[in-house]
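For the numbers below, each heavy atom of this structure counts, side chains included, while hydrogens, waters and symmetry mates do not.
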Amino acid sequence: QQQQQQQQQQQQRQQQQQQQQQKQKVPLAMSAAAQNGGRPGANGAVDGDAPDETDNANYFCEYAYLYHQMDMLEDNHRTGTYYNAITHNPSSFKGKIVLDVGAGSGILSIFAANAGARHVYAVEATDMAVRARKIVAANGLADTITVLQGTVETVQLPCKVDVIVSEWMGYMLLRESMLDSVLVARDRFLKPGGAMFPSTATLYLAPVGPCKTIQDKFEQWQAEVERWDQFDGRMKGWYEVDYSCMKDEFMAEQRRYFLETATYVTLTPKVVMSPGRPIMELDLHTVSLEELKSPSAPSSCIIRITKNGEIAGFTGYFDTDFKGSKDNPTEEDNKLTTAPDRASSTHWGQQLFGFYPPLQGQQGDLLQCEMTILRQKKNHRLLHLKTKFILTREGPEGGSSVVDAREGQYYVD
């Protein structure tokens with residue numbers, strides 16, 4: 001009987017401990033809900049789900065750090081263009097409901113609020129949302145801006161919006177695949193006739209002449225070829241192990257890294273062999289997610305070469321325009337460009353790709369370019385480019401002939 005009483009007392013103590021633990025867990029559960037789909041915001045808006053672990057590790061986690069936000073904010077051309085596009089067009093924002101996709105520290109939301117927006121929903125997937133709330137409150141805008149934490153695919157808004165603002169562009173325009181989320185937000189929340197900021201985006205290609213970056217990569221590739229021969233000989237001589245069956249795989253691995261992977265550069269106009277030509281133009285009001293994920297045909301352009309000499313490679317960069325929509329046009333058009341230009345260099349720079357060996361160009365030649373932009377299989381936020389280039393030259397008696405043709409693939413990691 002005494003043992004039964006002791007057991008009962010022990011069970012009661014365990015129940016009390018469990019109840020106490022549950023009480024202690026409540027704030028944690030509320031915090032988790034705030035981060036992962038449950039914290040009610042102003043006017044019935046609700047936080048969304050956090051990104052999945054793999055996508056967070058590959059992409060989102062970097063944006064949770066203030067130093068990374070500062071790098072983007074200190075890009076004066078980037079931040080200044082958005083500031084002008086929003087604050088110089090008050091009629092596009094006054095009294096409007098605005099959605100900021102990938103809000104980061106909340107800078108675009110603050111611009112929109114200061115331009116007269118009735119309410120702004122700032123959606124940020126990372127813990128930067130917590131800091132954005134503090135920044136919004138410190139600027140006296142907590143009643144106008146609601147910061148929601150979670151992916152835009154899963155947050156809940158109480159109403160449709162008049163304007164969507166977002167800084168979604170990555171290297172080569174489409175790296176990071178954040179445009180996917182912007183288009184989902186458009187289809188979920190934008191009113192008919194609503195405006196996208198930016199409204200259009202254009203990807204350009206331009207041929208480049210000899211430059212140290214391309215030459216350095218080729219020399220590094222050659223050094224790896226020599227290294228393999230030395231390595232294979234040493235393995236056989238020292239350990240009597242034959243690695244020659246791996247040579248082709250090693251060469252393919254190193255070729256991809258040195259010769260097929262884009263390099264971040266900030267080029268000057270003098271390196272470019274011709275003005276860039278648009279190879280992809282996107283209307284953010286109409287482009288579909290399916291078009292981005294599974295292009296039905298390659299994008300193409302034709303570039304007239306304006307200088308004599310080697311065409312060592314090509315570069316990719318983009319522009320975005322802020323013109324509002326047909327129903328809500330801007331008073332002042334603004335353009336964000338990442339073209340080679342010392343006066344307006346950005347943190348995006350340009351992406352540089354090499355021809356190995358270079359093409360031999362002459363003034364007046366035509367470079368026909370085809371490019372299919374795909375996502376890499378192991379990480380959908382990185383790009384795989386399938387390319388075809390044909391260099392043609394007009395003969396002295398008319399007609400044209402093919403001088404060189406290249407098919408290949410490149411990667412934007």
Side-chain angles (χ1 to χ4, degrees), residues 51 54-65 68-75 77-79 81-82 100-105 107-108 123-126 128 151-153 164-186 196-205 261-267 276 278-282 284 287 289 291-293 295 299 314-322 335-340 344-353 371-385 410-413:
T54 300
D55 209 19
N56 185 63
N58 286 338
Y59 173 61
F60 283 102
C61 64
E62 187 175 352
Y63 290 92
Y65 291 96
H68 189 69
Q69 297 290 331
M70 290 169 64
D71 285 344
M72 294 186 292
L73 292 168
E74 289 180 330
D75 181 340
H77 186 57
R78 165 197 179 269
T79 306
T81 301
Y82 272 90
D100 180 0
V101 180
S105 65
I107 187 71
L108 303 187
V123 177
E124 171 56 36
T126 76
M128 186 56 62
T151 62
V152 76
E153 289 83 355
I164 292 178
V165 298
S166 181
E167 193 276 82
W168 52 265
M169 301 80 73
Y171 296 147
M172 203 68 180
L173 183 63
L174 296 179
R175 184 185 180 273
E176 299 184 21
S177 297
M178 185 182 166
L179 180 54
D180 293 10
S181 296
V182 175
L183 298 186
V184 169
R186 179 198 68 189
M196 302 289 290
F197 277 65
S199 52
T200 62
T202 305
L203 176 64
Y204 293 84
L205 295 187
T261 299
T263 303
Y264 171 90
V265 290
T266 51
L267 298 175
I279 195 167
M280 175 181 283
E281 297 177 86
L282 302 176
L284 275 296
V287 65
L289 192 55
E291 289 177 64
L292 296 179
K293 289 184 174 182
S299 301
F314 65 97
T315 186
Y317 60 90
F318 64 86
D319 289 350
T320 59
D321 288 285
F322 300 80
K335 181 187 292 289
L336 170 61
T337 181
T338 63
S344 60
S345 62
T346 70
H347 76 282
W348 286 284
Q350 299 86 36
Q351 293 292 291
L352 181 65
F353 308 82
M371 178 178 291
T372 304
I373 303 177
L374 306 169
R375 284 101 185 280
Q376 294 186 25
K377 292 181 179 179
K378 291 184 178 180
N379 185 346
H380 75 281
R381 296 190 179 277
L382 307 180
L383 302 180
H384 177 199
L385 314 179
Y410 296 92
Y411 301 88
V412 182
D413 288 343

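- Between Leu173 and Ala201 the shortest heavy-atom distance is CD1-CB, 3.9 Å.
- Looking at heavy atoms from C-beta onward, Asp321 lies out of side-chain contact with Pro198 at the 4.5 angstrom threshold.
- Contact check for Thr126 versus Pro51: no side-chain heavy atoms found under the 4.5 Å cut-off.
- Although no hydrogens or angles enter the test, the distance criterion places a donor-acceptor pair under 3.5 Å between the side chain of Gln350 and the main chain of Leu267.
- For the pair Thr81/Lys335, no side-chain contact is recorded, criterion being any heavy-atom separation below 4.5 Å from C-beta on.
- Taken from CG in Leu183 to CG in Leu284, the straight-line distance is 6.5 Å, to the nearest 0.5 Å.
- The closest side-chain heavy-atom distance from Thr315 to Leu205 is not below 4.5 Å.
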- [ ] Give the C-alpha distance, both sets of side-chain angles, the deciding distance and a yes or no for side-chain contact (heavy atoms from CB on, under 4.5 Å) between Phe318 and Met169.
- [x] CA-CA 9 Å; Phe318 64 86; Met169 301 80 73; 3.6 Å; yes
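- For Tyr82 and Phe322, the gap between ring centers is short of 6.0 Å.
- Side-chain atoms of Val101 and Val123, non-hydrogen and from C-beta on, never get closer than 4.5 Å to each other.
- Between the NE2 atom in His384 and the CG atom in Asp413 there is a gap of 10.5 Å [rounded to 0.5 Å].
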Applying side-chain contact (heavy atoms from CB on, under 4.5 Å) to His347 and Asp71, what does each step give before you reach the verdict?
CA-CA 8 Å; His347 76 282; Asp71 285 344; over 6 Å; no
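- Without hydrogens or angle criteria, Glu176 side chain to Gly170 main chain gives no donor-acceptor distance under 3.5 Å.
- No option in Arg375, His380, Arg381 other than Arg375 meets the side-chain hydrogen bond (donor to acceptor under 3.5 Å, both in side chains) test with Asp180.
- You'll find the side chain of Tyr317 stays beyond 4.5 Å of the side chain of Thr346, heavy atoms only.
- Side-chain contact between Leu383 and Ile373 is present, with heavy atoms from C-beta onward closer than 4.5 Å.
- A centroid separation of less than 6.0 Å is found between the aromatic rings of Phe314 and Tyr410.
- Counting heavy atoms from C-beta outward, Asp100 and Glu124 have side chains that stay 4.5 Å or more apart.
- In this structure, OG in Ser166 is found 12.5 Å from CZ in Arg186, a value given to the nearest 0.5 Å.
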Just do the side-chain contact (heavy atoms from CB on, under 4.5 Å) check on Leu179 and Leu282 with the steps written out, would you? CA-CA 11 Å; Leu179 180 54; Leu282 302 176; 3.9 Å; yes
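- The structure places CD1 of Ile164 at 12.0 Å from CZ of Phe197, a figure rounded to the nearest 0.5 Å.
- Applying the side-chain hydrogen bond (donor to acceptor under 3.5 Å, both in side chains) test between Asp319 and each of Thr202, Thr337, Thr338, Thr200 identifies Thr337 as the sole match.
- Taken from CG in Asn379 to CG in Leu382, the straight-line distance is 4.0 Å, to the nearest 0.5 Å.
- No donor-acceptor pair closer than 3.5 Å links the side chain of Thr151 to the backbone N or O of Ala125.
- Separation of the Tyr264 and Trp348 ring centroids does not fall under the 6.0 Å cut-off.
- With hydrogens and angles ignored, the 3.5 Å screen pairs a side-chain donor or acceptor of Arg78 with a backbone N or O of Met72.
- Annotation: the span from Gln351 atom CD to Met172 atom CE amounts to 7.5 Å, rounded to 0.5 Å.
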